[in-house]
Amino acid sequence: MYPLRRNRRLRQNEAVRSLVRETIITPDDFMVPLFVVEGKGVKEEIASMPGYYRYSLDLLAVEVKELWNLGLKAVLLFVKVPDDLKDNRGTEASNPKGLMQRAIQAVKNAVPEMLVMTDVALDPYSVYGHDGIVEKGQIINDPTVEALCGMALSHAEAGADFVAPSDMMDGRIEAIRETLEDNNFQNVGIMSYSAKYASAFYGPFRDALDSAPVDQNDIPKDKKTYQMDYHNRLEALRETRMDIEEGADIVMVKPGLCYLDIVREVKNMSEVPVAVYQVSGEYAMLKAAAANGWLDHDAVMLEQVVSIKRAGADIIASYFAKEVAKIINR
Ligand code: PBG
């Protein structure tokens, strides 16, 4: 008898397709990256990220209320730091009255239940646009880790729920965990960017924060001595395992779409939740293609975020979060 199994039976109509559907996205899956600037009444569009904005604190409050009402319950904060506050050591990063610290409070004042995660890395504060301190043409690890501990602590003091080290220095998870414990922040979590690749997909983000590595003699022009080589996969597993051992509550793979093989492997080996960051360049590509009429924006967007979840993401950080939530809430 030919054929016993007809797979198309389960695809006949939307009712049966939805009955057997394996991966379903909800607003609960998402974390919303937000860019913050000084000023009042500022909502400026980022040129390479159409439809995405930098907000001053007053409008940040408005935005997070809107996100909360859409069912989006976690934000990941980034700040654009004025040039005159930048130095090599990222001193401003630990300023208790700094923009990040005020942004954390602004979000908590607007929506107290909103989960606030903060980026921990020196790049927005660095005159050289590096995630760490530069000395003789090198990004020096251990002094950077010390600076990151101060930065993470000041975020905890300002009210952050999770700190998210995105710098890829060695040993920073353990050092930050110990700093938080020593200062009675047992409940402040760490979401580690564990498998973060040196990626050209971060371009628009660096436009958003004006944080690209400077083009200057003796200063490395890329981040390849700390972010991972994209030819490698075992390295991602090693970084993830070590970050879990050091105390990471959540691990992350970044970028998203080109790295779904890594996401699956990390998910399979990891007993802590796995986050995936669909980064700025991924957002920009779809916006550009859609603006040209070459791709169906919403259809491709949904296909992409579902693919990320199917690959193993428990949490998706995405610039599309709000647009996705609006569609799935309909
Ligand atoms: C900072 C940081 C970056 C991103 C998140 N945190 C940029 C970088 O490492 O150069 C990129 C996010 C994106 O492209 O959307 N260390």
Side-chain angles (χ1 to χ4, degrees), residues 30-36 46-54 75-81 86 90 92-93 100 103 117-126 128-134 139 141 144-145 147-148 151-152 155 160 162-169 172-173 176 190-215 219-230 239 250-259 275-287 304-305 308 315-322:
F30 290 90
M31 205 158 61
V32 186
L34 290 172
F35 299 115
V36 187
I46 298 149
S48 49
M49 300 180 71
Y52 224 78
Y53 302 88
R54 304 181 197 93
V75 295
L76 181 55
L77 300 180
F78 299 93
V79 291
K80 183 171 189 290
V81 180
K86 296 185 183 187
E92 175 64 14
M100 175 63 92
M117 306 210 182
T118 57
D119 191 65
V120 173
L122 299 187
D123 49 331
Y125 299 94
S126 161
Y128 301 126
H130 275 292
D131 291 26
I133 300 165
V134 184
I139 288 57
N141 196 88
T144 297
V145 170
L148 296 172
M151 184 177 186
H155 293 179
F162 280 77
V163 292
S166 69
D167 56 286
M168 292 299 284
M169 296 300 123
R172 91 276 205 217
I173 300 304
I176 290 172
I190 301 178
M191 179 177 74
S192 175
Y193 289 66
S194 331
K196 176 170 177 179
Y197 287 89
S199 170
F201 284 100
Y202 306 151
F205 173 98
R206 295 174 189 172
D207 295 340
L209 297 188
D210 186 24
S211 62
V214 297
D215 189 1
I219 304 295
K221 285 169 192 41
D222 58 51
K223 300 189 176 183
K224 291 181 182 171
T225 71
Y226 45 106
Q227 297 178 350
M228 285 171 31
D229 182 343
Y230 61 74
E239 285 281 4
I250 300 171
V251 293
M252 186 194 274
V253 176
K254 179 183 177 193
L257 288 177
C258 290
Y259 296 83
V276 174
Y277 201 139
Q278 184 182 33
V279 302
S280 58
E282 303 180 56
Y283 176 87
M285 281 200 301
L286 176 50
K287 290 293 172 190
Q304 290 185 343
V305 293
I308 291 170
I315 304 165
I316 305 169
S318 173
Y319 303 101
F320 291 117
K322 193 173 168 184

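Just so you know, ligand 1 is whichever comes first in the structure, and atom 1 is the first atom listed for that ligand.
Note: Phe35 and Phe78 have tilted aromatic rings, judged against thresholds of 30 and 60 degrees for the angle between ring planes.
With sequence neighbours excluded, the residues satisfying salt bridge (Lys or Arg N to Asp or Glu O under 4.0 Å) with Arg172 are Asp167, Asp243. Scanning for salt bridge (Lys or Arg N to Asp or Glu O under 4.0 Å) contacts around Lys322 gives Glu63, Glu66, with sequence neighbours left out.
Using modelled atom types, one finds no donor on one side chain facing an acceptor on the other under 3.5 Å when comparing Glu282 with Gln304. Looking only at atom types and distance, the side chain of Tyr277 has a donor-acceptor partner in the side chain of Tyr319 under 3.5 Å away.
Around ligand 1, the residues contributing at least one heavy atom under 4.0 Å from the ligand are Phe78, Asp119, Ala121, Asp123, Asp131, Ser166, Lys196, Phe201, Tyr202, Phe205, Arg206, Lys223, Gln227, Lys254, Tyr277, Val279, Ser280, Tyr319.
Applying the salt bridge (Lys or Arg N to Asp or Glu O under 4.0 Å) definition to pairs two or more places apart or across chains, those involving residues 205-215 are Asp215-Lys221.
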